Amino acid sequence: MSEKLRVGILGGTGMVGQRFIALLENHPWFEVTTIAASPRSEGLTYEEAVAGRWKMDTPIPEAVKGIRIMNVNEVEKVASTVDFVFSAVDMTKEEIKAIEEAYAKTETPVVSNNSAHRWTPDVPMVIPEINPEHFEVIEHQKKRLGTKRGFIAVKPNCSIQSYVPALNAWKEFEPYECVITTYQAISGAGKDFKAWPEMVENIIPYIGGEEEKSEQEPLRIWGRIEDGVIVKAEEPKITCQCLRVPVLNGHTAAAFVKFRKKPTKEQLIEKLESYKGFPQEEGLPMAPEQFIKYFEEDNRPQVKADVDRDKGMGISIGRIREDSIYDYKFVGLSHNTIRGAAGGAILCAETLKAKGYIGKKF
C-alpha cells in the first residue's frame with residue numbers, strides 16, 4: 001500500500017477541482033484516489049466527465065483518467081475511501097456548510113476552497129505563511145462536532161493574497177488604514193474567454209460580495225483565538241473596490257497604506273524579501289522558496305511575466321513609493337487559482353499534515 005495519504009476531491013470536475021487534480025499530480029505526500037461530483041457525472045470515468053471542458057494548460061493526469069466519479073452526496077461511501085478531502089463543490093452556501101460538516105463528522109478532515117465556512121467561529125481560515133497558529137482552534141471545533149479526527153479548515157478569498165502578505169510583513173510598522181483596488185482575472189469566476197466573450201476588451205466594476213470579503217477577511221486572518229473561537233482584529237481598516245478585468249489568471253492590487261511607525265522604503269523592501277513562514281521553514285512541497293519577491297523595475301509585477309513565479313505560489317510586489325496622502329503605495333500580484341485557490345488549499349493540507357492534524361485513517 002502507498003505511504004501517501006489518500007485524497008478525495010469534492011467537486012472534482014469544476015475549474016478549481018481540475019486545478020487540484022493538476023497540482024496534485026506526482027505530489028510526494030498526497031495521492032488522488034477518489035473524485036466526487038454531482039449525480040449527473042456519477043459512474044463516468046474522470047476523462048469522460050471532463051471531456052470538452054478540461055481548462056488546464058497541462059493534460060489530464062494519466063493516474064486519474066480512469067477513476068470513476070462518485071456521487072458527492074453519498075457522504076459515507078465517499079468518505080470511506082479517503083484519508084481526507086479537498087472541497088471545491090459548486091452549491092449554495094448553506095448546502096456547502098451542510099455537506100462539509102457531514103464529511104467532517106465521518107472523521108474525514110475537510111480542507112475547503114469554498115467561502116461557506118470562512119466565518120464559522122471555530123473554523124480556521126489560514127494563509128500558512130501568516131497564521132498557521134489558527135489551526136489550534138480545530139480542537140475546539142472537534143468538540144462541537146463530536147469528532148476525534150474530523151474537522152473543517154478553509155483558505156481565504158483569492159484576491160486578498162495580492163496585498164495581505166505585504167501588510168503582514170510590515171506588521172511591526174503598524175499599518176492602520178488601507179485603500180485597495182483589485183483587478184481580478186476571469187478565472188476567479190470559474191470562466192475562460194471562450195465561456196465569457198463579453199469580457200474581451202472589457203472591465204466590469206462589480207464582483208458580487210468581493211469587496212466585503214476583501215475588507216473583512218484580512219481582519220480574521222490577523223485575529224486571535226479566544227474562548228475556542230477566532231476573534232477578528234480591529235485594524236488595519238481596509239476599504240476596497242474590486243474590478244473584473246480581461247485577464248485569464250492573476251489578481252493585481254493597487255494599495256495605499258498609512259503606518260503609525262513610518263518606515264523607510266528600504267525597510268519595507270527588506271521586510272518583504274526576508275519574510276519566511278512555517279511552509280518555508282519546514283520546506284513543504286507546495287511552498288515557494290521565496291514567499292514574497294520585490295521587483296525594482298517600475299513596470300513590474302506584470303501578469304504575463306510574473307504570475308507563475310514559483311509555480312504560481314509566490315507573491316509579487318512592486319512600485320513601493322511615498323504617497324501624497326497616505327504614507328506609501330504599492331502594487332501586488334498573486335495567482336488566483338493556484339496560490340489563491342487550489343494551491344493555497346494544498347499548502348494548508350501540507351501544513352496540517354506537518355502539524356499532525358491529518359494522517360492515515362487506518
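Positions are given from 1, in the same order as the sequence printed here. Keep in mind the model is a prediction, meaning the values are calculated, not measured.
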Between Lys361 and Thr108, does a side chain to side chain donor-acceptor pair (under 3.5 Å) hold up when you go through it step by step?
-> CA-CA 8 Å; Lys361 273 187 179 176; Thr108 305; 2.7 Å; yes
Do other residues, nucleotides or ligands put more than 12 heavy atoms under 6.0 Å from Gln302 CD?
-> yes
Check whether more than 12 heavy atoms from other residues, nucleotides or ligands sit under 6.0 Å from atom CD of Glu289, and answer yes or no.
-> no
Does [X] pair with [Y] as a salt bridge, N-O distance under 4.0 Å?
| X | Y | result |
| --- | --- | --- |
| Glu107 | Arg149 | no |
| Glu217 | Arg220 | no |
| Glu350 | Lys353 | no |

Do the rings of His27 and Phe30 sit parallel, tilted or perpendicular, given the 30° and 60° boundaries?
-> parallel
Give the intermediate values and the outcome of side chain to side chain contact (heavy atoms under 4.5 Å, CB included) for residues Tyr163 and Thr182.
-> CA-CA 9 Å; Tyr163 56 92; Thr182 58; 4.0 Å; yes
Indicate if [X] and [Y] have the same hydrophobic cluster label, given that clusters are the connected sets of ILVMFWY residues with side-chain heavy-atom separations under 4.5 angstrom.
| X | Y | answer |
| --- | --- | --- |
| Ile67 | Leu23 | yes |
| Tyr183 | Ile317 | no |
| Phe151 | Ile346 | yes |
| Ile60 | Ile69 | yes |
| Ile160 | Met313 | no |

Cation-pi check, [X] onto [Y] ring (under 6.0 Å, within 45° of axis):
| X | Y | result |
| --- | --- | --- |
| Lys258 | Phe256 | no |
| Lys355 | Phe278 | yes |
| Lys262 | Tyr328 | yes |

Residues Tyr326, Val257; criterion side chain to side chain contact (heavy atoms under 4.5 Å, CB included); working and verdict | CA-CA 6 Å; Tyr326 282 68; Val257 189; 5.6 Å; no
Begin with the C-alpha distance, continue with both residues' side-chain angles, and end with the deciding distance and a verdict on side chain to side chain contact (heavy atoms under 4.5 Å, CB included) for Lys293 and Glu273.
-> CA-CA 6 Å; Lys293 177 177 174 60; Glu273 296 268 81; 4.3 Å; yes
Under the side-chain hydrogen bond (donor to acceptor under 3.5 Å, both in side chains) test, residues paired with Asn157 that sit two or more places apart | Ser159, Glu210
Test your reading of the model: is there a side-chain donor-acceptor pair from [X] to the backbone of [Y], 3.5 Å cut-off?
| X | Y | value |
| --- | --- | --- |
| Trp170 | Leu268 | yes |
| Arg339 | Gly314 | no |
| Ser187 | Leu248 | yes |

Could you give the distance from CD1 (Ile292) to CG (Asn168), rounded to the nearest 0.5 Å?
-> 7.5 Å
Nearest-0.5 Å distance that lies between atom NZ in Lys265 and atom OH in Tyr294 | 4.5 Å
Would you kindly say whether Arg19 and Thr337 are connected by a side-chain donor-acceptor distance under 3.5 Å?
-> yes
Determine all donor-acceptor pairs shorter than 3.5 Å in which one atom belongs to a side chain in residues 188-209; sequence neighbours excluded.
residue	atom	partner	partner atom	Å
Asp192	OD1	Lys194	N	3.3
Asp192	OD1	Ala195	N	2.9
Asn202	ND2	Glu198	O	3.1

Minimal non-hydrogen separation, [X] against [Y], with atom names:
| X | Y | value |
| --- | --- | --- |
| Asp306 | Pro301 | OD2-CA, 3.1 Å |
| Phe84 | Ile358 | CD2-CG2, 3.6 Å |
| Glu136 | Tyr357 | CA-OH, 3.5 Å |
| Val137 | Ile225 | N-CD1, 3.7 Å |
| His251 | Cys158 | NE2-SG, 3.3 Å |
| Val16 | Ala88 | CG1-CB, 3.9 Å |

Step by step, work out the side chain to side chain contact (heavy atoms under 4.5 Å, CB included) result for Glu235 and Arg260.
-> CA-CA 12 Å; Glu235 288 185 340; Arg260 285 203 171 84; 2.7 Å; yes
Intermediate values then yes/no, salt bridge (Lys or Arg N to Asp or Glu O under 4.0 Å), Glu281 and Lys276 = CA-CA 7 Å; Glu281 292 165 356; Lys276 291 183 184 295; over 6 Å; no
